[in-house]
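Have a look at the structure below, then the notes.
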Amino acid sequence: MQSTVINSLIFASVHVDANWEPWIYYTLMGGILGTTYLLAKRDIRLNILVHMGTNLAVFALAAMS
């Protein structure tokens, strides 16, 4: 649990700058990715698929607006 929180904060720090609002989203996404990693018995492939899926959804929503 503690390592998931730390990794979520690291994930957020790599993806955002000093603006605080994106930190919330990226920290939550890091938590989701960390949890899927642990639930998949440390198989990184599921994380890659989840990360790609969220990126695809964001790009699709941005293209529609």
Side-chain angles (χ1 to χ4, degrees):
M1 169 71 176
Q2 183 181 11
S3 65
T4 304
V5 173
I6 292 169
N7 286 328
S8 298
L9 293 171
I10 293 169
F11 181 84
S13 69
V14 170
H15 283 83
V16 298
D17 53 12
N19 193 0
W20 69 271
E21 189 174 307
W23 274 84
I24 296 168
Y25 304 118
Y26 284 110
T27 302
L28 288 173
M29 191 62 210
I32 291 168
L33 290 172
T35 302
T36 59
Y37 178 73
L38 293 175
L39 291 176
K41 297 181 177 136
R42 302 185 185 275
D43 186 2
I44 195 74
R45 293 176 292 181
L46 180 61
N47 264 14
I48 293 169
L49 289 174
V50 171
H51 195 284
M52 287 172 54
T54 56
N55 286 347
L56 181 63
V58 169
F59 288 133
L61 289 172
M64 292 184 339
S65 62

**Item:** Single-linkage hydrophobic cluster, 4.5 Å side-chain cutoff, V16 and F11 together
**Value:** yes
**Request:** For a side-chain contact (heavy atoms from CB on, under 4.5 Å) with S8, tell me which candidate from I10, V5, I6, T4 qualifies.
**Result:** T4
**Asked** Atom CG in L38, atom CG in L33: separation rounded to 0.5 Å?
**Response** 11.0 Å
**Prompt:** Are any non-hydrogen side-chain atoms of L46 and Y37 less than 4.5 angstrom apart?
**Reply:** no
Distance-only donor-acceptor hits, side chain of residues 55-65, under 3.5 Å, sequence neighbours excluded:
from : atom 1 : to  : atom 2 : distance (Å)
N55  : ND2    : H51 : ND1    : 3.1
S65  : OG     : A62 : O      : 3.0

Side-chain donor-acceptor distances from residues 23-30 under 3.5 Å, at least two apart:
from : atom 1 : to  : atom 2 : distance (Å)
W23  : NE1    : D17 : O      : 3.0
T27  : OG1    : W23 : O      : 2.6

